[in-house]
Asks: 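Okay, here's the structure, questions in a sec.
Below, each value reflects all heavy atoms present in this structure, side chains not excepted, and no hydrogens, waters or symmetry copies. Just so it is clear: chains get the letters A, B, ... in the order the sequence lines come, proteins before strands, and each one is counted from 1.
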Amino acid sequence: MSTEEQKNNHSDPSPAVELNDQMKRRLEERTHLAEAGINPYPYKFDVTAFSSSIVASFVDDTPENVSVAGRIMTIRKMGKASFLHIQDCQGRIQIYLKRDDVGEDAYNAFKLLDIGDIVGVSGYSFRTKTGEVSVHAQQFELLSKSLRPIPVAKEKEVDGEKVVFDAFSDREMRYRQRYVDLIVNPEVRETFIRRTNVVSFIRRYFSSNGWLEVETPILQPIYGGAAARPFTTHHNALDMQLYLRIANELYLKRLIVGGFDGVFEFAKDFRNEGIDRFHNPEFTQVELYVAYKDYIWMMELVENLLHEACLEVNKRDTTTFLGNEINLKPPFRRLTISDSIREYTGRDIRDKSEAQLRDIAKDLGLELDPKISSGKIIDEIFGEFVEPRLIQPTFITDYPEEMSPLAKKHRSEPGLVERFELIVGGKELCNSFSELNDPVIQRERLESQAKLRQRGDDEAMIVDEDFLRALEYGMPPCAGLGIGIDRMVMLLTGQDSIRDVIFFPHLKPE
RNA sequence: GAGAAUAUAGCUCAGUUGGUUAGAGCAUCUGCCUUUUAAGCAGAGGGUCGAAGGUUCGAGUCCUUCUAUUCUCACCA
């Protein structure tokens, strides 16, 4: 609603929306009910049973007394008796309503109800002629009058398969009115339940290892921990600029300095970048830091976590993602970034100068921004020729130092750091390193980032003096991990768009 | 940020080469129907064709601009 409409709303009590005939009728009905002494929005209803449970417990066709509540999804009136389906948290159940059972007044009142209204029904379970377990209503009560018609999709069973006709499918409206999407498209509801299950699973997995779930600042005076452009905001009382975090890495490491052996946080992060089906301006990452461990150890953890999460939500170790069958059974393939580039392009990028790398990229047909340096050039080659072709889960390891200012230098390969990314379906899913804990080198790295910034790289990191001070007190050796939760949920639920795993994805205002 | 596609009833969609009063199914309303299930039968109402301009005797249809969404590309996880 625009500001103008809101103003109008204040001076004029009538709704600002243009009413269609169906809404007018329902609004009138609401008034009639009130006039007849029936509260269209009563306070409570004692629910004793839910749809699927009623069906499940109808063994030996023994009737049970039940009170169910839910939204009316279908109505079939046959004169003096009617069938309807109501939908509750578990699914749908059919209600049978007969005039001679509920009485003439009640039956007439029922006839005024609409699809979309929420009702409470008391009666007993039974099986209809056609075999559907249903509730034979003895009493019913309106619990909430619905004023807007919901998009009704008809369903039919064909060979045991459910066929839906004219489903509510306009993507824009589904995202803008997710509540309607959730009412009428059960698979959407299912996807989000699985999302929650994935998050709960990770939380249990981490907690059971003794690691502590923590919360760190979202509003940060200095943003860091990733290469990205931030959202800025302003604190009035302090009159200072603040940033919405792009990562929580630097705060979690401060906690490792503080003596926790393992900490993790499910973090909403914010990045001021483009929007597409893999990127939403706010997204969720879980970051984990474990003291006395390295990135090799972390790879094993990721393999097991992903595999078990897949078993948990899919009951098997494969999933379909972006048209590919993905097998998440460990072990995953491990490949250094230079080996991967050699495998997919035939070029050797090891021990090459910036000029040589630029030549290789040019030779491969890549057009590069002249400002970018060797690390970024390698990243470009990888992103263009390798990453999209890594469909099955693959750990890419041992990145150039320059691309990874927070990672520890490789124990045996000069110029590289101990880092891995997990690529699945051609997309990055995790990022991890043996964390750099030498405060002197960390300072050098951040200062060279600052130089890159001056060169025009607006994603390069900023020197965070307090973070360096923390490292100077001493941080134990430590392995860190970040998992993109939205993408992990996409992978495990087979969704092709991040908008289908975020309840309210960002859209421009209507 | 660039390109392409889409926008017609509450929902899902037709609408030919520019030509009478813009159609269908579901939903809604009226009547009939006491085990139906995409219930059925008979009838009725419902539209600023995304917005604003323009061309034309005449625009849902052609042109321009704008808005939103979707897809692709660029940046990014």
Asks: Provide, to the nearest angstrom, the distance between the CD1 atom belonging to A/Ile275 and the P atom belonging to B/rA68.
Replies: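 Going from A/Ile275 (CD1) to B/rA68 (P), I get 12 Å.
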Asks: So A/Phe165, base contact, sugar-phosphate only, or nothing? Heavy-atom distance under 4.0 Å.
Replies: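 Counting heavy atoms under 4.0 Å across all strands, the contact made by A/Phe165 includes a base.
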Asks: Tell me what A/Arg174 touches on the nucleic acid: a base, only sugar-phosphate, or nothing, going by heavy atoms under 4.0 Å.
Replies: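 Answer is nothing: A/Arg174 stays at 4.0 Å or more from every strand.
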Asks: Give A/Leu507 one of three labels, base, sugar-phosphate or nothing, depending on what nucleic acid heavy atoms sit under 4.0 Å from its own.
Replies: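 Contact class for A/Leu507: sugar-phosphate only.
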Asks: Answer with base, sugar-phosphate or nothing: what part of the nucleic acid does A/Asp170 contact at a heavy-atom distance below 4.0 Å?
Replies: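 Sugar-phosphate contact only - A/Asp170 comes under 4.0 Å of backbone atoms but never of a base.
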Asks: Distance only, no hydrogens: is a donor on one side chain within 3.5 Å (strictly under) of an acceptor on the other, for A/Tyr175 and A/Asp500?
Replies: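 Yes - a donor-acceptor pair under 3.5 Å links their side chains.
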Asks: Could you tell me if A/His136 and A/Tyr124 have a donor-acceptor pair between their side chains, going purely by distance under 3.5 Å?
Replies: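 On atom types as modelled, these side chains qualify, holding a pair under 3.5 Å.
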Asks: What does the list of N/O pairs under 3.5 Å between the protein and nucleotides 21-31 of chain B look like, with a distance for each?
Replies:
{"unit_1": "B/rG25", "atom_1": "N2", "unit_2": "A/Asp166", "atom_2": "OD2", "d": "3.3"}
{"unit_1": "B/rC26", "atom_1": "O3'", "unit_2": "A/Lys154", "atom_2": "NZ", "d": "3.3"}
{"unit_1": "B/rA27", "atom_1": "OP1", "unit_2": "A/Lys154", "atom_2": "NZ", "d": "2.9"}
{"unit_1": "B/rA27", "atom_1": "N3", "unit_2": "A/Gln22", "atom_2": "NE2", "d": "3.1"}
{"unit_1": "B/rU28", "atom_1": "O3'", "unit_2": "A/Arg25", "atom_2": "NH1", "d": "2.9"}
{"unit_1": "B/rC29", "atom_1": "OP1", "unit_2": "A/Arg25", "atom_2": "NE", "d": "3.2"}
{"unit_1": "B/rC29", "atom_1": "OP1", "unit_2": "A/Arg25", "atom_2": "NH1", "d": "3.4"}
{"unit_1": "B/rC29", "atom_1": "OP1", "unit_2": "A/Arg25", "atom_2": "NH2", "d": "3.2"}

Asks: Please tell me which of A/Glu157 and A/Arg271 maps to the more 5' nucleotide of RNA chain B, matching each residue to the nucleotide holding its nearest heavy atom.
Replies: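 First, find each residue's nearest nucleotide; the 5'-ward one identifies A/Glu157.
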Asks: Set out, in order, the CA-CA distance, both residues' side-chain angles and the distance that settles ring-ring contact (aromatic ring centres under 6.0 Å, His included) for A/Phe395 and A/Phe420, then state yes or no.
Replies: CA-CA 6 Å; A/Phe395 289 116; A/Phe420 73 80; 5.0 Å; yes
Asks: For A/Arg277 and A/Gln94, take the nucleotide of RNA chain B holding the closest heavy atom to each; which residue's nucleotide lies nearer the 5' end?
Replies: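 It is A/Gln94 whose nearest nucleotide is closer to the 5' end.
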Asks: Assign A/Asp379 to base, sugar-phosphate, or nothing according to its heavy-atom contacts below 4.0 angstrom with the strands shown.
Replies: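 Contact class for A/Asp379: none.
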Asks: Base, sugar-phosphate, or nothing for A/Lys508, non-hydrogen atoms under 4.0 angstrom?
Replies: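 Result for A/Lys508 = sugar-phosphate.
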Asks: Taking only side-chain N and O atoms of A/Lys80, does any of them lie within less than 4.0 angstrom of OP1 or OP2 on B/rU34?
Replies: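 Indeed, a polar side-chain atom of A/Lys80 lies that close.
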Asks: Which part of the nucleic acid, if any, lies within contact of A/Ala167, taking any heavy atom under 4.0 Å across all strands shown: a base, the sugar-phosphate backbone alone, or nothing?
Replies: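 Here A/Ala167 touches the backbone only, sparing every base.
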Asks: Backbone N or O of A/Ala49 within a donor-acceptor pair of the A/Ser53 side chain at under 3.5 Å?
Replies: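 Not confirmed, A/Ser53 side chain does not pair with A/Ala49 backbone.
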Asks: So, A/Asp181 and A/Arg189, do they make that salt bridge, N to O below 4.0 Å?
Replies: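 So A/Asp181 does not pair with A/Arg189 through a salt bridge.
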Asks: Looking at every strand, decide which applies to A/Gly274 at a 4.0 Å heavy-atom threshold: base, sugar-phosphate, or nothing.
Replies: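 The answer is base, as A/Gly274 lies within the cut-off (heavy atoms under 4.0 Å) of a base atom.
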Asks: Could you please name the option among B/rU34, B/rC75, B/rU36 that lies closest to any side-chain atom of A/Asp276?
Replies: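 From the listed options, B/rC75 comes nearest.
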Asks: Would you mind reading off the distance between A/Arg92 atom CZ and B/rA38 atom P, rounded to a whole angstrom?
Replies: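 It works out to 13 Å between those atoms.
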Asks: Expressed as a whole number of angstroms, how long is the span from A/Lys376:NZ to B/rA74:C1'?
Replies: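 About 13 Å, once rounded to whole Å.
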Asks: Please answer whether B/rA77 and A/Phe278 are stacked, defined here as ring centres separated by less than 5.5 Å and planes angled under 30°.
Replies: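 No, A/Phe278 does not stack on the base of B/rA77, since the centre distance and plane angle fail the 5.5 Å and 30° test.
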